[in-house]
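Quick notes on the structure that follows.
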Amino acid sequence: MAEQDALGLALEIARGYAATRGDRPVWATATLAELRAALGGPLPASPIDPTDVIDALARAAEPGLVTTTGPRYFGFVTGGALPATVAAEWLASVWDQPATLYVMSPAAAVVEEVATAWLIDLLGLPAACSVGFVTGCHMANFTALAAARHELLRRCGWDVEADGLQGAPPLRVIVGEEVHVSVIGALRLLGIGSRQIVRVAADDQGRMRPDTLEAALATSSTTVRLKPDTTGIDVAQGFSPANIPTIICGQAGNVNTGAFDPLDAMADVAGRHQAWLHVDGAFGLWAAASGALKHHVRGIERADSCATDAHKWLNVPYDSGLVFVAHPAAHRAAMSLSAAYLVRSADEPREPMDWVPESSRRARGFAVYAALRSLGRSGVADLVERCCRLARRFATRLQQEPSIRILNEVVLNQVLVRVVPPTGDADAATRAALKLVQDERVCWLGGSRWHDMEAMRISVSNWSTTDADIDRSAESIIRAARRVL
Ligand SMILES: Cc1ncc(COP(=O)(O)O)c(C=O)c1O
């Protein structure tokens, strides 16, 4: 009874919240001190009725919520949780299925199988790709790069899962100077430090330049720190810049500008050097689902691996990331573990845990499946194209204001906005305008720096954003820009 009441109350609160998403203040209204006071206190000495717990939790948390699912949330790159995906997430919690092995939840495992096939089809990736359902693109990058590390060292006769990295042949990793920090974080976990990574120049939009990539491949072995193996012999001997095992990390969708690396040209370079091409496509990979935008990711089908988020542009609730690897054996070898009690199905080829760094984990496949099924092929394309159109509308509207400059080419869903007063400090003006926009609470924007300039950063990624939301938010930014002049 108490369980039913708690679920019933949660449903009622959730319905109320969803219904007012568009009208709620986009920013939290409570201070951290107020939230600590409302939510804190000593650990209860004895049990409390579940319904009372949910009631008190919702009341205390509500003023501290940022309406990330609302249509005027343009922070980071955040999707808006499609209705079918939220409902599927509820069921995943009620069912409480670990997506680990077929035997633990045949339904969760089969949903992953089905969604895997749909995603490969939708994104135009090689049919043989293996797919892992992870927490986000950071862990998707990690998983893909672990597969790359496995495969490149295997080709040198080294078993990294058994023998580790100490004494291993050197690996060279080349990234663009605009690489997302999560790739650096993933490499760090894989034993490749940030000083060992070769960074090559990008253009004014943040796109890697293929000529600098080629040059780095020809010369950069000296930037790899070579570690002596246990016998004191430099194991890098015998590796020249031409044949040193190399991972090239490209990007589909720069987190500031939305720009794409030239993946086709990079795949040519990678092919000539037998390098592994990994593409971080946290949101930009979804361009592949649109006939009008997929030219941006031309060449993605030649990548050895790629990573994306479902909680960004597919509008699945947090957390949900996806990794695709064109070499399933390497993917599985890098991730798979076995123990006597982890009973595998003799006749099943795809145990869910073989493709991810975790064992027990949430059945994230249900929400991804629900997103793909509720949108269909045309719905995903519409969502991506609509957000891009709205980003252009935002930029066009803001550009009409004399003191506002758009810093990027709006090729996708990202817009970088700067306030430039006729005289004086544009960085200070941009910061001050951002603060006014945040105080007004009509929309949620974050700040960033682009090429040493302060900027307001807009990401249009929510399924429910309309033209009217863009216009209302643009007015708020324009009001702020006028006030700081
Ligand atoms: C290009 C890029 N890569 C990776 C990530 C990391 O994604 P997540 O935080 O979902 O793990 C992001 C996040 O914004 C991103 O924009």
Side-chain angles (χ1 to χ4, degrees), residues 77 79 116 118-131 137 140-141 144-145 148 174-176 178-180 182-183 202-203 205-210 213 247-271 275-310 312-315 321-327 368 372 375 377-389 391-392 408-414 459-461:
V77 184
T116 288
W118 287 352
L119 287 161
I120 287 172
D121 176 18
L122 181 71
L123 299 172
L125 298 173
C129 266
S130 46
V131 181
C137 195
N141 283 327
L145 292 167
I174 302 181
V175 304
E178 279 296 330
V179 63
H180 190 270
S182 65
V183 172
D203 68 12
Q205 296 299 306
R207 296 173 287 233
M208 187 192 272
R209 287 176 27 203
L213 173 61
I247 303 171
I248 298 169
C249 296
Q251 184 166 249
N254 177 285
V255 75
N256 283 307
T257 63
F260 292 80
D261 284 350
L263 301 180
D264 220 17
M266 290 170 66
D268 289 343
V269 176
W276 178 291
L277 176 62
H278 170 66
V279 178
D280 172 2
F283 55 102
L285 187 60
W286 297 101
S290 149
L293 295 164
K294 68 176 175 204
H295 62 278
H296 286 305
V297 289
R298 191 173 301 124
I300 189 74
E301 67 289 348
R302 293 200 282 151
D304 295 286
S305 57
C306 55
T308 192
D309 268 315
K312 288 190 168 71
W313 226 348
L314 192 59
N315 280 248
L322 298 160
V323 57
F324 302 84
V325 181
H327 310 272
V368 173
L372 295 171
L375 291 171
R377 194 186 299 278
S378 66
V380 179
D382 278 357
L383 169 63
V384 171
E385 288 166 15
R386 187 168 66 248
C387 288
C388 294
R389 181 183 66 72
R392 289 194 299 275
N408 63 316
E409 292 166 16
V410 183
V411 294
L412 202 67
N413 60 335
Q414 305 292 118
S459 177
V460 186
S461 313

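Keep in mind that what you see is a predicted model, and the values were worked out from it rather than measured.
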Nearest 0.5 Å, what's the [atom1]-[atom2] distance between [X] and [Y]?
X    : Y    : atom1 : atom2 : value
L123 : F324 : CG    : CZ    : 5.0 Å
N141 : S182 : CG    : OG    : 4.5 Å
D304 : H278 : CG    : NE2   : 10.5 Å
R389 : D382 : CZ    : CG    : 10.5 Å
I300 : F260 : CD1   : CZ    : 9.5 Å
T308 : W286 : OG1   : CH2   : 5.5 Å

Kindly give the heavy-atom pair with the smallest separation between [X] and [Y], and that separation in Å.
X    : Y    : result
G299 : A267 : O-CB, 4.4 Å
A303 : V279 : CB-CG2, 3.9 Å
L293 : C388 : CD1-SG, 3.8 Å
L277 : G250 : CD1-N, 4.4 Å
L322 : A310 : CD1-CB, 4.3 Å
A265 : P210 : CB-CG, 3.9 Å

- Message: According to salt bridge (charged side-chain N to carboxylate O under 4.0 Å, His left out), does anything in residues 280-298 pair up with another residue at least two apart or in another chain? List the pairs.
- Response: none

- Pairs touching residues 253-264 that satisfy salt bridge (charged side-chain N to carboxylate O under 4.0 Å, His left out), sequence neighbours left out: D264-R302

- Task: Show your working on side chain to side chain contact (heavy atoms under 4.5 Å, CB included) between I248 and M266 and close with a plain yes or no.
- Result: CA-CA 8 Å; I248 298 169; M266 290 170 66; 3.9 Å; yes

- Contacts of type side chain to side chain donor-acceptor pair (under 3.5 Å), residue E385, not counting sequence neighbours: S290

- Where do L412 and F283 land on the side chain to side chain contact (heavy atoms under 4.5 Å, CB included) test, with the steps shown first? CA-CA 10 Å; L412 202 67; F283 55 102; 3.8 Å; yes

- Task: Only counting residues at least two apart or in another chain, list the ones meeting salt bridge (charged side-chain N to carboxylate O under 4.0 Å, His left out) with R209.
- Result: D211

- Under the salt bridge (charged side-chain N to carboxylate O under 4.0 Å, His left out) test, which residues partner D309, sequence neighbours left out? K312

- Given L145 and C249, is the side chain to side chain contact (heavy atoms under 4.5 Å, CB included) satisfied, shown in steps? CA-CA 9 Å; L145 292 167; C249 296; 4.0 Å; yes

Is the shortest side-chain heavy-atom distance between [X] and [Y] below 4.5 Å?
X    : Y    : result
L314 : L375 : yes
C129 : V325 : no
M208 : L213 : yes
S130 : V323 : no
I174 : I247 : no

- Task: Determine, stepwise, if the pair C306 / L285 fulfils side chain to side chain contact (heavy atoms under 4.5 Å, CB included).
- Result: CA-CA 8 Å; C306 55; L285 187 60; 4.1 Å; yes

- Message: Test of understanding: with side-chain contact (heavy atoms from CB on, under 4.5 Å), list the residues that count as partners of D121, not counting sequence neighbours.
- Response: R377

Donor-acceptor pair, distance only, cut-off 3.5 Å: does the side chain of [X] make one with the backbone of [Y]?
X    : Y    : result
Q251 : E178 : yes
T116 : V131 : no
N408 : T257 : yes

- Intermediate values then yes/no, side-chain hydrogen bond (donor to acceptor under 3.5 Å, both in side chains), Q414 and S459: CA-CA 5 Å; Q414 305 292 118; S459 177; 2.7 Å; yes

- Indicate yes or no: does D203 engage R207 in a salt bridge with an N to O separation below 4.0 Å. yes

